[in-house]
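What follows is a short report on a single structure.
In what follows, chains carry the letters A, B, and so on, assigned in the order in which the sequence lines appear, proteins first and then strands, with residues in each chain numbered from 1.
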Amino acid sequence: MMSTDLPKAYDPSTVEPAADKVWLDENLFHAEPGDPGPPYSIVIPPPNVTAALHLGHALNNALQDILARWHRMLGDNTCWFPGTDHAGIATQTVVEKRVLAEGGKRRTDFSRDEFVKKIQAWKDEYEKRITDQLKRMGCSCDWERQAFTMDEPRAKAVREAFFRLFNDGLIYRGKRLVNWDPATQTALADDEVEMEEIDGHFYYLKYPIVEEGDEATKRRSDEGVKYVTVATTRPETMLGDTAVAINPKDPRAGALRGKKVRLPIVNRIIPIIEDDYVVLPDPNSQDPKAQFATGFLKVTPAHDPNDYEIGRRHNLPVINVFSPTATISKDHGWAAEDFAQGGDDLRNLLGMDRFEARRAVVEWFRSEKLLEEIKPYKHSVGHSYRSHVPIEPYLSDQWYVATTKQIESMPETGTVSVTNIPNNSLAGMALRATRSTGILPVSSTKEHGQDARATKDWEGKLKIVPERYTKTYEAWHENIRDWCISRQLWWGHRIPVWSIEGLIVWDVTADWHENHATFEAGGRTYLCLRQFDPEEEKSLIEEGWEQDPDVLDTWFSSGLWPLSTMGWPEETRNLQKWNPTNALCTDRSIITLWVSRMVMFNLYFKNRLPFYDTFIHATILDGEGRKMSKSLGNGVDPIDIIESHGADAMRFTLAAMSTHTQDFRMPVEKDAKTRKNTSPKFDNGRNFCNKIWNATRFALMNLGSDGATERRSDERVDESKWSLADRWIVSRFNRAVADATQALQGYRYDAYAKTCYDFFWGDLCDWYLEAIKPAMKDPKRAGQTANVLAAVLDGSLRLMHPMIPFITEYIYWSLNEVQPQRGLPGKLELPASKRLINARFPAAGPVSDSAEQIFPRLQEVINTLRNLRNQYKVEPKKTISVSIMASDEFAGPLVENKEMIELLANCTLQRIGPGVQPPADSARAIAASVEIYVEDLVDKAAEEQRNTKRCEELSKQIAAMRGRLANESYSKKAPPHLVQQTRDQLAEAEAEAAKLGCS
RNA sequence: GGUCCCGUAGCUCAAUUGGCUAGAGCAAUCGCCUUACACGCGAUAGGUUAACGGUUCGAGCCCGUUCGGGACCACCA
């Protein structure tokens with residue numbers, strides 16, 4: 001007898017490293033473009049190097065790994081590109097915090113190079129931790145292709161991308177109001193701003209109207225002065241007011257036309273202008289603005305985006321009263337003579353931060369009796385997604401990508417339907433990715449392959465799953481604004497633009513323009529470099545050029561990810577083979593930040609999609625529906641789960657809960673021993689793995705038995721020698737394969753997990769393994785049964801491997817040892833493989849209708865007997881004596897499977913057939929159209945209760961079905977097979993009711 | 001303010017285009033250490049599918065209204 005090789009107890013901490021070692025030693029995650037098979041590729045959403053991975057990452061990567069392993073087993077040339085993201089602002093912020101906490105120093109206490117080195121060290125540490133975590137989770141990434149958004153190849157891609165966009169006129173520099181984060185002192189993109197509800201106030205400030213010729217008067221005179229009252233939530237910005245606006249429809253507008261007001265504190269004389277942006281006051285309005293409004297709007301172009309637009313319409317001066325840290329300052333765009341009018345009251349405000357200044361300004365108005373009132377007001381205010389301080393609209397020079405500008409090098413004309421977005425703009429292309437414009441012929445669908453890439457048939461080929469997120473994607477692009485790509489950080493790709501005072505006359509060769517682009521603005525000359533050349537940069541510095549100090553938005557480099565990971569801008573074989581990638585798995589929060597940018601870039605640079613499918617998975621929440629976060633302390637660390645339950649268990653649980661829902665709640669508990677956060681949800685995965693382990697031990701014991709090893713190979717083919725259970729389990733397996741495949745194709749990970757679980761536990765363990773116990777002990781049948789058992793076990797391992805790779809791989813080796821030759825030709829093909837990871841995924845073989853009809857009836861008989869035993873409180877060890885009245889047709893299978901019924905219901909079958917009469921003193925039940933009699937089982941009360949209950953059920957059903965059939969429109973309109981089905985069921989129910997003697 | 005989604009057993013989630021008695025897991029109840037597995041086995045109970053109305057032979061699913069929850073976008077008077 002051969003040993004089973006499997007230890008008695010399942011221990012993931014020995015299984016998982018053993019499997020992992022083989023995969024890595026044998027380089028089984030690696031793929032080359034020239035390998036056989038159709039391409040299948042995934043690029044990892046690069047985790048930020050800010051911190052170790054959390055449970056959301058575990059979910060994200062488990063789902064990707066399932067796809068990668070599945071496709072690898074399908075024989076696709078599968079490559080999963082791993083890497084990490086430098087996450088500019090986020091990483092710089094955590095390092096700044098750490099440096100401050102450890103040494104009390106600030107970023108500005110170091111040189112740029114010194115500080116970047118510190119961030120680099122952080123990145124090295126976390127990149128390693130993240131990679132280790134992914135490996136422990138079993139992620140089959142091609143580690144030779146590990147990338148980082150700021151490493152050399154990626155830097156090259158960024159340079160090239162910037163240059164080409166720049167040269168095409170799609171990158172421009174502009175003075176705009178940006179979302180300024182005064183804490184981190186950088187601009188943020190619109191989608192990096194989070195709105196938060198704030199309990200604020202409306203302040204009503206009175207501005208005196210100055211009469212003609214009275215402008216020189218510095219102080220208001222108390223007598224006869226008229227005022228306009230403005231309402232504002234931000235009184236401190238009044239220092240920068242350059243107008244007061246009124247709606248031209250306002251009845252008061254005519255009388256005030258051409259009038260001016262003196263801005264208190266500052267003494268600036270500013271006009272009253274008319275603009276229909278101003279909301280008319282209406283205390284009864286639904287709109288809170290109209291309720292609170294006075295009809296007069298202070299206009300502060302430098303500190304409010306809407307005011308900025310009003311300012312542009314009316315040519316108003318823009319006066320910036322804040323420093324970059326949002327303290328009152330006269331040095332950032334405030335003319336000295338204007339400031340000087342203010343006097344001491346104004347000077348006193350200098351240096352105050354915006355909140356102190358707010359109090360001071362309000363206090364001033366109060367003391368001057370110019371404060372009319374203060375009303376509480378709840379409104380939402382933009383906050384930095386990083387530092388969480390309120391965003392300051394701030395006027396500054398930034399770099400932008402034009403998203404709706406026509407791209408001249410692209411021939412398409414027209415606009416995307418329902419919008420005015422040009423087809424040949426970045427946003428236009430992104431929109432065309434999910435819906436065809438019809439302006440180009442869309443050729444036949446090619447899921448992957450060269451043809452799809454060579455032609456322009458990507459329109460409408462970007463599929464977002466679940467589909468509802470397509471609307472989010474499209475709505476975003478329909479309302480897109482230009483993308484601010486510069487960030488005032490040190491950690492990131494430096495903007496490859498140099499500038500110098502004055503206008504330069506270029507004396508260069510023609511090919512110089514291949515790698516250089518220039519423009520002039522504001523008396524400066526700007527030069528964009530395509531390639532990184534230290535020599536050239538050195539000489540530029542010597543000539544007095546300065547490089548732009550800013551870095552690019554993180555999403556600029558992650559937007560290039562599907563290109564840059566494959567070696568773009570070189571036309572590499574990787575790129576030809578694997579771009580477009582097949583699937584992108586990500587969270588809904590970055591559909592706009594990331595997915596959109598990848599689509600725009602890939603289409604712009606390569607004229608093809610970055611990926612065909614985007615799967616948006618659920619967000620994991622804690623038991624109370626809150627996001628998991630460090631500050632709440634409700635996060636679950638994947639490594640803790642791997643240690644307590646195993647990586648397979650974690651992956652199974654994550655897959656099983658991956659429905660197409662928006663969120664998934666996962667109750668969080670403290671582990672009693674380790675005091676670490678965990679969730680009982682993972683027990684299910686662990687239990688399942690344990691089940692697989694033990695079922696395999698049982699199988700291996702039997703496969704290694706003497707009887708089983710004396711099998712004959714032809715029995716594998718000769719189905720006539722199979723038992724009903726054999727035919728049934730093979731059929732069930734093939735059905736499970738079909739279901740699982742369909743589930744995976746639709747990204748229904750929950751359905752895939754459930755299919756595996758139900759088949760393995762429900763069909764295989766609960767029924768088949770129990771049913772074959774006698775056969776495995778019978779030398780005549782052991783060989784044949786072993787063949788089916790080995791094949792179904794192998795097939796199950798293949799089926800489940802993508803989800804629970806470690807345990808299946810490990811067990812597979814033992815199976816290879818104990819029974820090297822497996823498979824049931826024509827029924828369950830299992831091409832041999834040394835390792836499971838690259839064994840063939842099972843193809844769905846034929847199902848057996850007859851077996852799947854008869855076997856469940858036997859199950860029903862057994863279940864009924866078990867139920868009777870329980871109800872009549874029969875001792876578990878007592879064997880009951882049973883007779884069954886069944887039609888000739890079903891008596892055969894019952895007799896043939898007598899052994900199984902007796903074993904599973906712990907009974908002896910006495911008589912079976914159509915003429916069987918109920919023995920005296922017997923309990924009686926009806927199931928599967930047979931009558932079952934259990935001898936010497938008398939409990940009148942129990943039987944009475946049982947019958948009454950059943951009769952009630954039946955009479956309800958019968959009434960419902962009769963009613964349905966009596967309804968003519970049902971029998972006429974409903975599909976015939978459903979009507980027939982109802983008739984059959986009714987007949988059956990009536991028969992059973994009659995037998996039970998229901999009244 | 002605009003858009004999208006959700007409300008199903010005590011909890012977490014299912015239910016292919018409307019069609020068998022609305023299903024699982026966990027928790028609960030009863031009985032079992034049966035020789036692979038107590039991380040297990042067998043059995044049981046638990047639902048007016050948020051509410052109301054409509055369409056339909058038939059509604060958890062489609063339509064409308066209301067209530068409750070979430071997400072995305074826009075919005076600092």
Provide the distance between the two [atom1] atoms, one in [N] and one in [M], to the nearest whole Å.
N      : M      : atom1 : value
C61(B) : A9(B)  : P     : 15 Å
U12(B) : C30(B) : P     : 25 Å
A24(B) : A43(B) : P     : 12 Å
C33(B) : G42(B) : P     : 15 Å
C73(B) : U17(B) : P     : 29 Å
U34(B) : G47(B) : P     : 35 Å
A27(B) : G46(B) : C1'   : 11 Å
U8(B)  : G70(B) : P     : 15 Å

Check your understanding: Looking at residues at least two apart in the chain, or sitting in another chain, which of them share a ring-ring contact (aromatic ring centres under 6.0 Å, His included) with H383(A)?
Key ->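 Per chain and number, H383(A) pairs via ring-ring contact (aromatic ring centres under 6.0 Å, His included) with no residue.
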Salt bridge present between [X] and [Y] (N-O < 4.0 angstrom):
X       : Y       : value
E952(A) : R950(A) : no
D683(A) : K681(A) : no
R962(A) : E990(A) : yes
K956(A) : E953(A) : no
D671(A) : K673(A) : no
R588(A) : D663(A) : yes
E875(A) : R869(A) : no
R234(A) : E392(A) : yes

[X] [atom1] - [N] [atom2] separation (whole Å):
X       : N      : atom1 : atom2 : answer
N906(A) : A43(B) : CG    : P     : 14 Å
W767(A) : C41(B) : CH2   : P     : 13 Å
L593(A) : C73(B) : CG    : C1'   : 13 Å
I391(A) : C75(B) : CD1   : C1'   : 15 Å
F760(A) : G40(B) : CZ    : P     : 14 Å
L965(A) : C20(B) : CG    : P     : 15 Å
Y970(A) : A59(B) : OH    : P     : 12 Å
Y749(A) : C13(B) : OH    : C1'   : 18 Å

Looking at [X], I'd like to know whether one of its side-chain N or O atoms comes within less than 4.0 Å of OP1 or OP2 on [N].
X       : N      : value
T472(A) : C4(B)  : no
R748(A) : A15(B) : yes
N863(A) : A43(B) : yes
R665(A) : U12(B) : yes

Fill in: NZ or CZ of K773(A) within 45° of F698(A) ring axis and under 6.0 Å
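Verdict for F698(A): a cation-pi partner in K773(A).
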Output field dot_bracket for RNA chain B (Watson-Crick or G-U, both distances under 3.5 Å, | for other-strand pairs) contains (((((((..((((.....[...)))).(((((.......))))).....(((((..]....))))))))))))....
Contact class for [X] (heavy atom, under 4.0 Å): base, sugar-phosphate, or nothing?
X       : value
K949(A) : sugar-phosphate
V230(A) : nothing
Y277(A) : base
A974(A) : base
T294(A) : nothing
R481(A) : sugar-phosphate
F664(A) : sugar-phosphate
N479(A) : nothing
P466(A) : nothing
R866(A) : sugar-phosphate

On RNA chain B, does the nearest nucleotide to A656(A) precede the nearest nucleotide to R588(A) from the 5' side, or the other way round? Give the residue.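 Result: A656(A).
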### side chain to side chain contact (heavy atoms under 4.5 Å, CB included) involving P376(A) - partner list, sequence neighbours excluded
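Expected list: H201(A).
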For R964(A), give me all partners under side-chain hydrogen bond (donor to acceptor under 3.5 Å, both in side chains), at least two apart in sequence or on another chain.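 Once residues adjacent in sequence are excluded, R964(A) has no partner under the side-chain hydrogen bond (donor to acceptor under 3.5 Å, both in side chains) criterion.
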- Pull out every residue in residues 738-746 of chain A that has a heavy atom closer than 4.0 Å to any atom of RNA chain B, ordered by number, or say none.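 None, since no heavy atom is under 4.0 Å.
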Is there a donor in the side chain of T678(A) and an acceptor in the side chain of E669(A), or the other way round, less than 3.5 Å apart?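 Distance-only check fails for T678(A) and E669(A).
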Reading nucleotides 22-39 of chain B from 5' to 3' and marking B where a protein heavy atom lies under 4.0 Å of the base, S where only the sugar-phosphate is that close, and - otherwise, the string is --SB-----S----BB-B
Report task. Check whether the ring centres of Y394(A) and F322(A) lie less than 6.0 Å apart, and answer yes or no. Result ->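 Ring centroids of Y394(A) and F322(A) are no less than 6.0 Å from each other.
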Between N247(A) and V278(A), which heavy-atom pair has the shortest distance, and what is it?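 Residues N247(A) and V278(A), closest heavy atoms: ND2-O, 2.7 Å.
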- Message: Any N or O donor-acceptor pair under 3.5 Å from the base of C20(B) to the side chain of Q985(A)?
- Response: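 Side chain to base: pair found, below 3.5 Å.
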